[in-house]
Amino acid sequence: MKLKFWQRCAVAMVGVAVLGTASPASAITSETTGARAYGGSNGDWSVQDVGCDAMPVYGRFTEKGVPGFQRMDNKSGCGTEEQGNIGNTITTVQACRDVPVGRDNCGGWNEW
């Protein structure tokens, strides 16, 4: 079945409209041994335990216009993820593994 010109235009416009409504939030990531943290431009955050080493993990997040950082913990164990929303754009992210004896193992601070 051959579409007429106006039908092809209508199909193209629907495709553009669908793609135009999808505007995902941008995200930044920090990783270290056993931990991964994400922060989004819409305030969404996530902390994943990827080490399966019996050590809890956490993420540190700085929020646009708010001094200091917020710590979000994941103590649920191997393969788990804690997530939420802090309300404003997250500007920097750092993933850490909570080492019971000694210094915590943290990745670099990543920012926009």
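Minimum interatomic distance between Gly79 and Cys52 (heavy atoms only, all atoms of both residues): N-SG, 4.3 Å. Of all non-hydrogen atoms in Ala37 and Gln94, the two that sit nearest each other are CB-O, 4.2 Å. Between Lys75 and Pro56, the shortest heavy-atom distance links the atoms CG-CB, 3.9 Å. In terms of heavy atoms, Asp73 sits closest to Glu82 at O-CG, 3.6 Å.
For the atom pair Ile90 CD1 and Asn85 CG, the distance stands at 7.0 Å (nearest 0.5 Å). The distance from the SG atom of Cys96 to the CG atom of Asn105 is 8.0 Å, given to the nearest 0.5 Å. Note that the CG atom of Asp44 and the CD1 atom of Ile86 stand 9.5 Å from one another [nearest 0.5 Å].
Under the side-chain hydrogen bond (donor to acceptor under 3.5 Å, both in side chains) rule, Thr62 has a single partner from Thr91, Asn88, Thr89, which is Thr91. Exactly one of Trp112, Phe61, Trp109, Phe69 qualifies for a side-chain contact (heavy atoms from CB on, under 4.5 Å) with Thr92. That residue is Trp109. Under the side-chain hydrogen bond (donor to acceptor under 3.5 Å, both in side chains) test applied with Arg97, the options Asp49, Asp53, Thr33 reduce to a single match, Asp53.
A donor-acceptor pair under 3.5 Å is absent between the side-chain atoms of Gln83 and the main chain of Trp45, judged by distance alone. Not one N or O on the side chain of Ser46 forms a donor-acceptor pair closer than 3.5 Å with the backbone of Tyr38. Put simply, the side chain of Ser30 gets close to the backbone of Gly108: a donor and an acceptor are under 3.5 Å apart.
Using a 4.0 Å cut-off between charged nitrogen and carboxylate oxygen, Asp98 and Arg71 count as a salt-bridge pair.
Side chain to side chain, Asn74 and Thr80 meet the donor-acceptor criterion of an N or O pair below 3.5 Å.
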